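So that the names make sense, note that chain A is the first sequence line, chain B the second, and so on, each numbered from 1. Everything quoted here is computed from the prediction, not taken from an experiment.
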Amino acid sequence: MRILFVVLLLLPCLPADLRSQSGARLPLIVLDAGHGGTDSGARNAEAGLTEKDAALSAAQALEKAFLQDRRLTVLLTRTGDIEMPLHARAEKANRARGQLLISIHTGFDTRADRAGARVYFLGPAHLPAAVSAKTVTGVKSPASLVPWAEAQVPFVNESNDLALLLQARLNTPFLSIHSVQSSPLLLLHFCAMPAVLVELGNLADPADLTRLTSEEGRSQWTPAVKSSVYEYLFGNTR
Amino acid sequence: MARKILLLKYGLPGALALLFLSGAVYYLFIQPEPSSLTTLETVVQPQDAGPAGVSTGTVLLSLFYPAPSALPDEPLLLKEEKKPVRRFSQPERQAMEVLRELSRPSPSGIPSALPPEALPLHVFFLEERLAVVDYSRKIQENLPGGMDAERTALYAIVHTVTFNFPQISAVRLLVEGKEQETLAGHFGIEGNLQADLSLIQDYQNPAGNIRVETLPP
Ligand SMILES: [Zn+2]
């Protein structure tokens with residue numbers, strides 16, 4: 001309940017100079033490795049792999065890949081195996097004024113058709129009832145104080161765009177044909193920036209496991225995430 | 001002749017008195033108390049072996065399980081199955097019982113959305129149509145993980161409570177007496193949770209038999 005009463009200071013977001021080549025200010029993206037500490041998330045006991053570890057490895061691999069390109073800077077919400085509440089992750093991202101947030105998770109489902117990558121965003125149907133009407137009009141609140149639960153409201157359309165790009169690009173390396181889904185994920189509610197949650201494969205699927213755990217596997221999908229983010233932020237993939 | 005008179009004189013009133021007495025005994029001690037589960041279909045069965053005066057027979061209730069045939073691009077849905085559950089006159093005790101049953105497989109053999117070790121510790125019905133359900137920590141420790149598993153576990157509880165108790169429209173979930181941010185890292189449980197009909201398989205099928213009348217307005 002307490003977070004319902006906590007308010008989030010949202011200074012008006014100045015548009016970052018995304019196309020600047022001077023290096024003066026690079027856009028910041030936030031990568032959130034899901035779970036951590038006693039919250040292991042999904043687990044494949046046979047393979048000895050937990051979602052919290054797979055998510056952190058994936059976030060770190062992506063950070064490395066992004067930093068090599070020097071087109072943006074990266075903030076990881078967690079860098080170790082620690083328990084971190086969702087509101088603390090969002091607070092970290094919001095304070096840093098990230099340009100977007102990608103929360104990295106994995107699935108675990110033994111059904112055959114459940115492999116691959118899935119991208120989720122917070123669609124209008126899952127916004128708090130009192131604010132869902134405001135969103136569709138696309139009005140970005142100029143108010144400096146926004147309740148936590150409504151932080152994502154002004155960014156629903158952008159989050160949808162980012163989700164569509166990521167899903168389309170990740171389907172190729174993960175050999176899946178999934179569509180973007182809206183889901184009432186708590187972390188996304190709190191993010192004052194375009195935000196999506198990606199399930200990078202299914203821990204129950206042997207091919208997805210390889211994609212997550214080997215260097216070669218990771219090299220298949222990191223370019224897909226990079227090109228989606230570059231296209232979203234800069235309008236081009238390079 | 002004298003025997004016939006005696007029978008008429010004492011036998012008939014005696015039989016009537018016996019009938020009256022047995023009726024009174026039945027009314028006072030055997031007949032189940034009227035319960036708030038008035039909309040539920042009662043299965044008439046011999047009295048159960050539970051503690052005297054607490055449990056009387058069984059009642060057919062709606063329990064929710066992960067639907068086996070979800071489409072690939074949809075979240076895992078829930079399926080309603082009716083199950084005879086020990087009947088209790090006290091609604092909160094009845095809610096405890098149906099939630100205990102919820103951790104076991106369905107009558108058709110679908111595994112529960114909840115770990116078998118996850119049991120309700122307390123159930124309180126508060127004013128404003130709110131049920132507070134307190135679970136043991138096994139509900140978090142033994143949940144297999146993943147978004148679908150978390151959501152189906154959550155809504156198996158919410159739907160099982162709100163569908164069977166028309167006086168309840170929302171559920172507050174606690175773990176060992178404490179509020180939690182989420183059950184397993186994805187979906188918020190700090191507020192009151194209401195039924196979500198879009199997560200019920202039969203509800204999406206117009207031919208499905210869904211008891212909408214028990215849902216919150
Ligand atoms: Zn997760």
Side-chain angles (χ1 to χ4, degrees), chain A residues 1-5 34-45 50-52 55 83-89 103 105-116 118 120 125-126 128-129 148-149 167 176-190 197 199 202-204, chain B residues 66-77 110-111 113 115 130 132 137-155 158 169-170 172-176 178-199 204 216-217:
Chain A
M1 272 305 277
R2 68 186 183 286
I3 52 172
L4 293 177
F5 298 101
H35 308 279
T38 57
D39 171 16
S40 300
R43 44 194 170 264
N44 183 333
T50 56
E51 181 181 358
K52 66 174 183 178
E83 205 154 338
M84 196 173 183
L86 298 180
H87 68 265
R89 296 166 192 251
S103 184
H105 290 246
T106 64
F108 182 81
D109 196 321
T110 49
R111 286 171 295 173
D113 56 8
R114 289 275 157 161
R118 292 170 176 276
Y120 300 86
H126 291 118
W148 270 99
Q167 185 69 71
S176 54
I177 50 165
H178 299 312
S179 314
V180 162
Q181 291 179 40
S182 170
S183 185
L185 293 152
L186 187 62
L187 174 67
L188 304 186
H189 278 282
F190 301 154
L197 184 146
E199 274 190 340
N202 178 352
L203 292 186
Chain B
S69 58
L71 298 171
D73 251 353
E74 280 186 337
L76 199 60
L77 298 176
I110 303 173
L130 178 67
V132 177
R137 71 180 67 178
K138 295 286 178 193
I139 196 170
Q140 286 186 306
E141 290 174 357
N142 294 9
L143 202 68
M147 286 170 52
D148 277 346
E150 180 177 350
R151 207 162 179 214
T152 47
L154 216 50
Y155 282 92
V158 172
S169 64
R172 176 76 61 87
L173 189 61
L174 305 179
V175 178
E176 305 220 335
K178 289 184 185 150
E179 279 192 335
Q180 304 289 320
E181 189 180 44
T182 66
L183 204 54
H186 306 102
F187 301 104
I189 58 168
E190 285 180 308
N192 298 343
L193 300 162
Q194 295 193 321
D196 183 345
L197 298 177
S198 69
L199 295 178
Q204 296 183 333

Next on the checklist: Using heavy-atom distances under 4.5 Å, tell me whether A:Leu197 contacts chain B through its side chain, its backbone, both, or neither.
Outcome noted: side chain
Checklist entry - Which bit of B:Glu150 is near chain A, if near means a heavy-atom gap under 4.5 Å: side chain, backbone, both or neither? => result neither
Item to check | Side chain, backbone, both or neither of B:Ile189 within contact of chain A (heavy atoms, under 4.5 Å) | outcome: neither
Checklist outcome for this item: Here the pair of heavy atoms bringing A:Ala42 nearest to B:Gly146 is CB-N, 3.8 Å
Checklist entry - Looking only at heavy atoms, what is the nearest atom pair of A:Pro184 and B:Phe187, with distance? => result O-CD2, 3.5 Å
Next on the checklist: Quick one, B:Met147 and A:His105 - any side-chain contact, counting heavy atoms below 4.5 Å?
Outcome noted: no
Checklist outcome for this item: On a heavy-atom basis, the closest approach of B:Glu181 and A:Leu186 is CG-CD2, 3.6 Å
Checklist entry - Rounded to the nearest 0.5 Å, what separation is found between the CZ atom of B:Arg151 and the OG atom of A:Ser183? => result 4.5 Å
Checklist entry - Do you know the tightest heavy-atom contact between B:Ala184 and A:His35? => result O-CE1, 3.1 Å
